[in-house]
Structure formats: C-alpha cells, structure tokens
Amino acid sequence: MVDPVSSASSALAYSVNRNRAGAANRSASSSPTDVVSISDEAVRKYTAELGETGSAEQGGKDAPRAEDSPWKLSGNLTHAERKLKNGHTEIIDIDGGSLTVREYDGDKLVKSVDGTMVDGRAVLDTSYYDERGKVSQTIHAEMAPLETKNKWSGAVMNRSVTWFEDGQVTRTLGDEMYLRTRNTGHATISVSGNEFTRMTGDLTNDGDTLIRKLTSEEHSLSYHADIREFYDNKQLSKNLIIDQTGEFTQESNRHPVEVDGMGAMGTRELYHNTSLSVVSEEFDRGGNLLHQATVTDTQVDGVDGEDGHQVQTADVSWYKDGELVKHGSGSFRLDEFDGHGLHKRPGILDLLGLKAEEYLTPEAQDSSELLGTKLAESSSAPEFFLEGLGRASAKGQYGSAADMAEYGHRERPFAVEWTTELYEDGEMVMRKQDSQQARNAPNRGIDDRLPFRTGGGLSEGDRPAVLQSSSHSTELFENGKAVARESQETREYLQPDEHGPDTLMTLVDYDRQNDSGPDGVNVFYKGGIDEADPDPRAALRAMGAELDLTMDGVYEMYRDVRGRGQLGDKASGFRFKALD
C-alpha cells in the first residue's frame, strides 16, 4: 500500500540511466502559508507605472544592476515589477545567485518562486496557493549540466510535483529529462553578392563571395515520468509510468535568407528513432488492482525514402476483487510503402517545448542552453515535458491499428496479432487468437512474355500491391486442458494465366477438434480475403482499441496535471543570463 504523504515528502530524482538515480529530500507540507499583503497605496503606485504594453517600469536610472548574477531580467536589473496578462502583479528580485518571484492577485499571494544558481546548477522551488492562502501545488526542479564528451554536451532536469486539496495529497509527479546534443556544420554553400541581392532585395556592390551554411544537430533524449493519483482515503487510484527516448537529426537554416533550398530561419527533422513505453494501472478504493496495461511504440523514419517502420505492442489485464478475469496481448508492425508515410511522432522541439525561433539562435545551442531556454516555464508547469506526447495522443498519432481496422490497410505491408484469454477462479477457460498480415506481392514471372501485368482477372492495372492472410482460433479449457478447438486460416494468392491476366484467389483451411476427433476442409474462393473471411480485421480492431484506450489515458492525465487551479502564471520574467 502506498502512503501518498510519505511519497510527497521526498523529491525523487528519477533517472533513465539508473546509475544516476538520487534523492533530494524536501518537505512538501500542506500547512497554511502566510499571505503577504500589499497596501492599496503600493498597488496603485506600481500599477500607475505600467506602460501601454502592460509591463511595469523595472527601476529608475539608479536601479541596481545584475552584472554578476546568473539570472537575468530585462535591462539586466535586480528588481522588476510587472502586470501579467491574467491581471496579476509579479515582483522579481535577484541577489547574486538567488532569485525570488512573487505573484499577487490583488493583495493575495498566488505563486512564489525561490531559486538559486551555483556553477550552472539551478534549483527552483515553486508553490501555488488557493483562495484561502493554503498551498495547492509545490514544484521542486533542479537542472544541471553534464560532462561534455566526444563533442556531445549533456544536461539533466529533475522535477518533483505535489498537488494538495484541503491539506491532503491528491496527486504526485516525479520526472527526469536527460538531453545530449552534438552540433556539426553541414552543407556549406557560396552565395555571390548578386545572388544575395536577388534573394534579399538589398543592393550591394560587394562582389566578394558571402558564405552561408546550414547547420546539423544531433539530439539524444530520455524522459521518465511517474504520475500517481489518490482517493480521499489516501489509497492509490491511478499510476502512470512513461518512458520516452529518441535519437533525432535536425537540419537548420539560421540565416534571414534562403539557403540551399531551405527557407529563412527554418529547421526540419532529417531522421528520428523514437521509443515510448506507457504503463497504466488503476485501483479500487480498497487498494485492489482493477486494470493494468503496458503499451510500447517504436518508430524509425527519415524525411525521404520508403524504409520507415513502426512496431507497437500491448499487454492488458483486467481484475475483479483482485483476481485476474481477462488478459489480452498483441503486436503490430507497419512499414512505410509506396508513398504511404507513417503517422507523425513528437519531434525534438515538441518534446522540449520549444518554438522554432527559440531553437534557431545564431549559433546552435548546447544541451544546457536548450533545457534552460524555457527554465522559467518548465520549472513551474508540471505538464511541460508531457505536452508533446499529450498533443500527439489527442491527435490520434498512435492509432494506426485502429485507423486500419476502420478504413483498411490501403495496400501497405503490415502484420498484427492479438490473443484474448478469459479466466475463472484463477484458471484459463478460453483463449482466442487472431492475426492478419499483408506482404508485398511477388513479381508475376510468366507475365514477362505478355504485354500487360494485371491481377484479379478483371482488367489491366488490378494486380494487388500486397497479398493478405488471416487466421482465427478459439480454444476451450477445462481443468487446464484444451477440450475443444476451432480454427480458420485464410491466404490470398495469385493464379497465373499465360493467356490472360492473373486471377486473385483465396484459400481457406477450416479445422475443428473436439471429443469426436479432428475434422477439417479446404475451400477455394475467387477473389480476395474479404470474400472468404467474415472478420479479417479482428486483430487490428482489438489491438487498436487497447492502444487507443491507453493513449487516451495519457492525454487525460496530461490534461489533469495541466491545471493550476486558475491561479498563477506558469511563466515568469526571469531568464538564464548565460543563455542570451
């Protein structure tokens, strides 16, 4: 049994490479916090100082400067007061390596940030407060650079988040983002003065060659998150574990003119190899497991070519009164083929929460700079590193199996299988297995002697790009032994004809076994698999349903952790000075 209060009192430093795991102990008390009041006169004073843009003046001519501080405010000052878009007032103070941020709604404190920066290691503690001045959410975040090796820079960020309601823990999140980056030059080109004039419209008599080049960046990313929700009786209700890794190659034009066919200030992904694992668990109020699912997704793809592929797996179990009653498992592989691309996966900018203009600085950024660019937001918004995955889930980008079950495979290679098992009193009583496959159709062979290459026996051009097969079997068990079995295997093939087009045929093998012994029959059908199999997409439908159910849960969790009780702004006006 999990004690949420105990979990909240320790800020876990999760690690994808478990050798880096550590713990940063920190109290997450839910006791009432003092409400700092600002006098009406003070509020009127700095409200009157607001400009037309909504930002307050950040000190006068003699305002203290922050030349020696790692933190940065606009104008390089140590103090700033500004009006936020939500109508709140934010006050920021810098004292050497220390940072304090206070956000007020009128005279009520709604958000506080306390930060320190030493030797590039940033530690930030953020708290949000409810209408009664009590803590509703705490976030402890630490970011640190890692050793640079073989031109790879590294950085890591750990966060521990706790939500409170009426002084009780309702949800916790512990996560780690680990990033490695290597920047290399690529595709140097020469641009003459006349060409520069044509591209930019700026006249120049300089005949010297201007050099422009694209940059190439490689990124390796690992993200781990453990999110827990609790009932009001402190029992664990949901547990969601997310592991996400990726290798990305990016090509960027960091110039205000077109270079080598890439538009001004643009970036694109050349290649990715991504992996996602989601473990979802649900419990009843007594602590008994209700549902458990593990889903994995891997995808390898580049910007060109037709060699991309993705593999997904799912393993799900249902329980009643703590006892297993149903289990399902399966796998699905889909290949890129003949112009049919794969569903998009979140890219490096999506996973780091960066806009293109934030990524495209004049010089390519190292890992610390990329993680630190949005430090003010990532340290105060629990959903920050989940947003790319959450949005991809909402758009159905992991739902290829469900889409194909609904709309067909559209003549692309794939393979899917699914097994369902039913249990009574701890013993399996039924097992159902379904599969479907589409493979590239072979060359016709004897067709070389004919002036056409057709299939289906109908008209020229009907030759299928893939041939399908499917199988279904159902087994009944008593006392652990199979007592009955029925199966059907269906396979498409091409029947060649020297004097005309090939004919698409389907062979079906029916088998049955019971107390009377084995029995079976083979049947040939003219036409495709849909003519012979009443439910060829059963495996796609089952696999797609479980994938969608789990990924819908990921989106719902992302949506839930996104809320901050309508209090506080997730981004503040401070920055990492070293990143400008």
Side-chain angles (χ1 to χ4, degrees), residues 242 244 246 269 272-278 280 293-303 305-316 328-347 350 388-420 432-441 464-472 490 492 528-530 533-559:
I242 298 172
Q244 196 165 14
E269 181 182 274
H272 71 252
N273 184 343
T274 62
S275 178
L276 171 70
S277 171
V278 177
S280 175
T294 300
V295 164
T296 69
D297 173 271
T298 60
Q299 188 184 96
V300 180
D301 199 11
V303 68
E306 299 174 354
D307 56 351
H309 67 272
Q310 71 180 44
V311 177
Q312 296 175 316
T313 68
D315 189 285
V316 296
S329 62
S331 64
F332 170 63
R333 179 187 172 103
L334 179 63
D335 293 326
E336 193 174 26
F337 178 67
D338 193 23
H340 295 287
L342 303 173
H343 277 329
K344 186 180 182 298
R345 292 294 180 266
D350 301 311
L389 178 60
R391 290 183 174 181
S393 301
K395 294 177 181 178
Q397 292 176 358
Y398 295 92
S400 299
D403 288 348
M404 291 170 62
E406 180 72 19
Y407 304 110
H409 60 86
R410 299 178 183 176
E411 294 198 327
R412 58 195 307 180
F414 74 94
V416 60
E417 58 181 18
W418 186 262
T419 299
T420 300
K432 186 176 186 297
Q433 295 175 297
D434 300 291
S435 72
Q436 187 180 4
Q437 180 180 350
R439 66 188 190 281
N440 290 327
V466 295
L467 295 177
Q468 298 183 75
S469 61
S470 65
S471 68
H472 311 282
T490 308
E492 293 180 343
I529 197 172
D530 291 334
D533 188 340
D535 192 10
R537 301 176 190 172
L540 279 172
R541 189 170 58 253
M543 181 78 184
E546 293 304 331
L547 279 166
D548 281 359
L549 181 63
T550 300
M551 297 312 295
D552 286 348
V554 170
Y555 173 73
E556 290 174 5
M557 186 67 79
Y558 155 72
R559 183 190 59 195

Check the pair V300, H309 against side-chain contact (heavy atoms from CB on, under 4.5 Å), reporting the backbone distance first and the verdict last. CA-CA 6 Å; V300 180; H309 67 272; 3.9 Å; yes
Approximate separation, where rounding is to 0.5 Å, of [X] [atom1] and [Y] [atom2]:
| X | Y | atom1 | atom2 | result |
| --- | --- | --- | --- | --- |
| F332 | L547 | CZ | CG | 8.5 Å |
| F414 | Q468 | CZ | CD | 5.5 Å |
| R333 | S331 | CZ | OG | 10.5 Å |
| L467 | E411 | CG | CD | 10.0 Å |
| D350 | L389 | CG | CG | 10.5 Å |
| D434 | M543 | CG | CE | 13.0 Å |

Write out all pairs satisfying side chain to side chain donor-acceptor pair (under 3.5 Å) with one or both partners inside residues 548-557, taking only residues at least two apart or from two chains.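 Residue pairs passing side chain to side chain donor-acceptor pair (under 3.5 Å), neighbours aside: none found.
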Heavy-atom closest contact ([X] atom, [Y] atom, distance):
| X | Y | value |
| --- | --- | --- |
| L342 | D335 | CD2-C, 4.3 Å |
| L334 | P413 | CD1-O, 3.6 Å |
| A538 | H472 | CB-CE1, 4.1 Å |
| E336 | D307 | OE1-N, 3.7 Å |
| S435 | S471 | OG-OG, 2.5 Å |
| A392 | P346 | CB-CG, 3.8 Å |

Ignoring hydrogens and geometry beyond distance, is a side-chain donor-acceptor pair present between H409 and Q436 at under 3.5 Å?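 No - no donor-acceptor pair under 3.5 Å links their side chains.
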Is it the case that the side chains of T419 and S329 hold a donor-acceptor pair, with the cut-off being a distance below 3.5 Å and no angle test?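 No, T419 and S329 have no side-chain donor paired with an acceptor closer than 3.5 Å.
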Using the side-chain hydrogen bond (donor to acceptor under 3.5 Å, both in side chains) definition, which of the options Q244, R345, Q310 pairs with D297?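 When side-chain hydrogen bond (donor to acceptor under 3.5 Å, both in side chains) is applied between D297 and each of Q244, R345, Q310, only R345 qualifies.
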May I have the step-by-step check of salt bridge (charged side-chain N to carboxylate O under 4.0 Å, His left out) for D535 and R541, ending in yes or no? CA-CA 10 Å; D535 192 10; R541 189 170 58 253; 2.7 Å; yes
[Y] and [X], any side-chain heavy atoms less than 4.5 Å apart:
| X | Y | value |
| --- | --- | --- |
| T296 | S275 | no |
| D301 | H272 | yes |
| M551 | L276 | yes |

Between E546 and V295, does a side-chain contact (heavy atoms from CB on, under 4.5 Å) hold up when you go through it step by step? CA-CA 9 Å; E546 293 304 331; V295 164; over 6 Å; no
Short side-chain to backbone donor-acceptor contact, E492 and I529, under 3.5 Å: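 Checked: pair present.
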For R412 and G341, indicate whether the former's side chain and the latter's backbone hold a donor-acceptor pair under 3.5 Å.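 Yes: the side chain of R412 pairs with the backbone of G341.
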More than 12 non-hydrogen atoms from neighbouring residues, nucleotides or ligands closer than 6.0 Å to NZ on K344, yes or no?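 Yes, NZ of K344 has more than 12 neighbouring heavy atoms, counting only those of other groups under 6.0 Å.
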